Amino acid sequence: MRTAVSNVIDLLFPRFCLLCGSAVFEEYEKFLCLGCFSDLPLSMHSDPVENPMSKTLWGRCEFNMAQSLLNYQSQSKYADLFKEIKYRGRKDLAFYMGTLLGRKMKKELKHLNCTVLIPVPLARRKFWMRGYNQAEIIANGIAKSTGIPINRNQLTRSVHRKSQTEKTRVERWLNIQSVYHCSKLPERVRNVILVDDVMTTGATIESCVNALNLENNVGVAILTLGFTQKA
């Protein structure tokens, strides 16, 4: 139930939906109005192995499951959520979306006995320019919902490469090979969760999973906020 204080705060400091601009009043409408939230293009599949995201990675790396919270289409209004997170400093939105993803996947992650969240790292230069790693903030949200801790240090990115955005599938793959490195994880860690914001061709995820398995014998679950499915 809303309080008088909540009503006064909404009047003095009105909030608006990030997508349609409608006023947001309800306490549970944190970033989106109820209409935009209910129309989110969810992409959670009943089978975490036999789904379009998983099939994109088949034969390229060893993993236990792959799931994404949303379908990502660059021309959709919902693409603005990813732009807010990646380019406009909305760490609060990244954390919130991470909590949603964590709630959706909590049972599956428990079933797989996943004990560590590992965000895909940024190159130092990009981290310095942006001020944060969006994958790490998303992982923080997942940790909030699941209670699974984060390991930020052992998966690293060695060099800065040009953005993947405008590259072809082959160019993305060539651009990202041998960029990621992972040191030996603690012996008790048997299953990990790799976290990123968006998976498009899978080149980054493939490189990270292969880096994890080069020095470790672990099962890898892959979670992203968005997945770009080919038509």
Side-chain angles (χ1 to χ4, degrees), residues 42-45 48 51-57 60-74 78-79 81-87 90-91 93-102 104-105 108-109 114 116-123 126-127 130 132-146 148 150-158 160-161 163-165 167 169 172-173 175-177 179-182 191-213 218-229:
L42 297 175
S43 66
M44 305 299 292
H45 297 276
N51 64 65
M53 183 174 171
S54 292
K55 290 178 181 178
T56 301
L57 296 167
R60 298 167 60 182
C61 56
E62 295 291 330
F63 63 99
N64 290 334
M65 56 149 280
Q67 286 274 33
S68 177
L69 181 66
L70 303 175
N71 288 312
Y72 176 82
Q73 299 295 334
S74 60
Y78 290 95
L81 294 176
F82 296 88
K83 294 174 184 176
E84 292 285 337
I85 289 171
K86 197 167 183 176
Y87 303 116
R90 293 305 300 265
K91 294 187 285 185
L93 177 60
F95 181 85
Y96 172 68
M97 298 300 287
T99 64
L100 296 182
L101 179 55
K104 291 283 188 181
M105 296 303 302
E108 286 81 355
L109 297 177
C114 294
V116 174
L117 288 155
I118 299 180
V120 171
L122 286 179
K126 188 171 287 188
F127 183 88
R130 189 172 297 166
Y132 62 95
N133 176 5
Q134 69 273 9
E136 183 177 328
I137 307 301
I138 294 165
N140 286 337
I142 297 172
K144 176 70 174 179
S145 293
T146 63
I148 299 172
I150 301 173
N151 183 317
R152 302 174 177 86
N153 302 317
Q154 287 179 282
L155 182 63
T156 59
R157 179 166 178 160
S158 57
H160 174 76
R161 299 286 178 91
S163 172
Q164 298 276 75
T165 306
K167 294 183 180 298
R169 184 185 186 93
R172 285 171 183 251
W173 188 88
N175 188 54
I176 211 68
Q177 297 309 298
V179 168
Y180 296 97
H181 305 275
C182 184
N191 296 283
V192 304
I193 308 153
L194 183 66
V195 180
D196 205 2
D197 56 347
V198 180
M199 190 182 103
T200 304
T201 65
T204 295
I205 294 295
E206 175 188 355
S207 183
C208 287
V209 172
N210 288 335
L212 282 164
N213 285 323
V218 293
V220 181
I222 301 161
L223 295 182
T224 67
L225 281 190
F227 168 61
T228 303
Q229 185 173 346

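Remember, it's a predicted structure, so these values are computed and weren't measured experimentally.
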J.: Less than 4.5 Å apart, any side-chain heavy atom of Leu109 and any of Leu223?
T.: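 Sidechains of Leu223 and Leu109: in contact.
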J.: Only counting residues at least two apart or in another chain, list the ones meeting side chain to side chain donor-acceptor pair (under 3.5 Å) with Ser54.
T.: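 Only Asn51 meet the side chain to side chain donor-acceptor pair (under 3.5 Å) criterion with Ser54.
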J.: Donor-acceptor check, side chain of Thr224 to backbone of Gly226, threshold 3.5 angstrom: yes or no?
T.: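 Side chain of Thr224 to backbone of Gly226: a pair is present.
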J.: Are Ile205 and Leu194 close enough that some pair of their side-chain heavy atoms sits under 4.5 Å apart?
T.: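 Side chain of Ile205 against side chain of Leu194, heavy atoms only: contact under 4.5 Å found.
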J.: Below 4.5 Å, heavy atoms only, C-beta onward: do Val220 and Val218 meet side chain to side chain?
T.: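 A side-chain contact exists here, since the closest heavy-atom pair is under 4.5 Å.
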J.: Is there side-chain contact between Leu70 and Phe82, with heavy atoms separated by less than 4.5 Å?
T.: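 In contact.
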J.: Does a donor on one side chain sit under 3.5 Å from an acceptor on the other, for Ser145 and Thr99?
T.: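 No - no donor-acceptor pair under 3.5 Å links their side chains.
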J.: Do Val116 and Ile150 have side-chain heavy atoms sitting under 4.5 Å apart?
T.: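 Result no, sub-4.5 Å side-chain heavy-atom pair not found.
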J.: Side chains of Cys61 and Asn213, heavy atoms from C-beta outward: is any pair under 4.5 Å?
T.: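 No. Closest side-chain heavy atoms not under 4.5 Å.
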J.: Does Gln67 reach the main-chain N or O of His45 with its side chain, forming a donor-acceptor pair under 3.5 Å?
T.: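 Pair found, side chain donor or acceptor close to backbone of His45.
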J.: Would you call Ile193 and Met105 a side-chain contact if the rule is heavy atoms closer than 4.5 Å?
T.: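 Contact flag for Ile193/Met105 side chains = no.
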J.: Go through the structure and list residues passing side chain to side chain donor-acceptor pair (under 3.5 Å) with Gln134, not counting sequence neighbours.
T.: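 Gln134: side chain to side chain donor-acceptor pair (under 3.5 Å) contacts with Arg130, Asp197.
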J.: If you look at every heavy atom in Met53 and Ile222, which pair is closest and at what distance?
T.: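 Taking Met53 first and Ile222 second, the nearest heavy atoms are CE-CG2, 3.9 Å.
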J.: Looking at residues at least two apart in the chain, or sitting in another chain, which of them share a salt bridge (Lys or Arg N to Asp or Glu O under 4.0 Å) with Arg152?
T.: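 Once residues adjacent in sequence are excluded, the partners of Arg152 under the salt bridge (Lys or Arg N to Asp or Glu O under 4.0 Å) criterion are Glu136.
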J.: Give the minimum heavy-atom separation between Ala139 and Val195, together with the two atoms involved.
T.: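 In terms of heavy atoms, the two residues are closest at N-CG1, 4.1 Å.
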J.: Any side-chain heavy atom of Met199 within less than 4.5 Å of one from Thr204?
T.: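 Of all side-chain heavy-atom pairs linking Thr204 with Met199, none is under 4.5 Å.
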